[in-house]
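Each residue takes its place number in the sequence, starting with 1.
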Amino acid sequence: IQRRLTHTADSKYPGCKGVVRSSPDGTKIAFMAKDKNGIQQIFTVSPLGGEPVQITNHNSDVQSAVRWSPDNKSMIYLWDNSIVMCEVSDRPFEERFKRLTAKTTEAPYNLVWSDDGATIAFNRSVSAKGESDPKIQIFIIRLNSKK
């Protein structure tokens, strides 16, 4: 059965963008849409329907779809050419998000969160000394210092 979950036609900035992703427990679907200021943010909506909830509140566009943490409590995405982790809760936005990588000239991409929640992998193009043709490399961020 197909069912429409979002109704944005009458909003100032109608439509949704990018890849939608379900939380691991299936209770939320994350997607990107413009907020009331025209800035692309991350929202969630229940697969049962209801009003979308704005998760991010950045001052410039979110650049990628989200990847959910295995425990449903956080998500990672690209913003300002860096990887950001954001807690999904009712706390103030400024207290819920943090950069995991510094801003770079070219944004990282292809974010993946490990099943145990301890590691994030991503791609970045890197030029070796003396080479003009960058190569795609794999990087990781360890979130749990015990590993």
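- Here ring-ring contact (aromatic ring centres under 6.0 Å, His included) pairs that include residues 110-130, with residues two or more places apart or in two chains, are F122-F139.
- In terms of the side-chain hydrogen bond (donor to acceptor under 3.5 Å, both in side chains) criterion, D115 has no residue partners (sequence neighbours excluded).
- For residues 42-62, the pairs satisfying ring-ring contact (aromatic ring centres under 6.0 Å, His included) are F31-F43, H58-Y77, H58-W79, H58-F93, H58-F97, with sequence neighbours left out.
- Residues passing the salt bridge (charged side-chain N to carboxylate O under 4.0 Å, His left out) test with D71, sequence neighbours excluded: none.
- The side-chain hydrogen bond (donor to acceptor under 3.5 Å, both in side chains) search around T6 returns none, not counting sequence neighbours.
- By the 4.5 Å heavy-atom criterion applied to side chains, R21 and V66 are counted as neighbours.
- Considering only residues two or more places apart in sequence or on other chains, T27 meets the side-chain hydrogen bond (donor to acceptor under 3.5 Å, both in side chains) condition with D25.
- Residues meeting the salt bridge (charged side-chain N to carboxylate O under 4.0 Å, His left out) test with E94, sequence neighbours left out: none.
- The two residues R124 and P108 make their nearest non-hydrogen contact at NH2-CG, 3.5 Å.
- Partners of D61 by side-chain hydrogen bond (donor to acceptor under 3.5 Å, both in side chains), not counting sequence neighbours: none found.
- Every residue meeting the side chain to side chain contact (heavy atoms under 4.5 Å, CB included) condition with I138, not counting sequence neighbours, appears here in chain and number order: N123.
- The side-chain hydrogen bond (donor to acceptor under 3.5 Å, both in side chains) analysis of residues 43-55, with sequence neighbours excluded, yields no pairs.
- Applying the salt bridge (charged side-chain N to carboxylate O under 4.0 Å, His left out) test to pairs two or more places apart or on separate chains, those with a residue in residues 77-90 are D80-R99, D80-K103, E87-R91.
- Cluster partners of Y13: none. The rule joins Ile, Leu, Val, Met, Phe, Trp and Tyr whenever side-chain heavy atoms lie under 4.5 Å apart, and it links nothing here.
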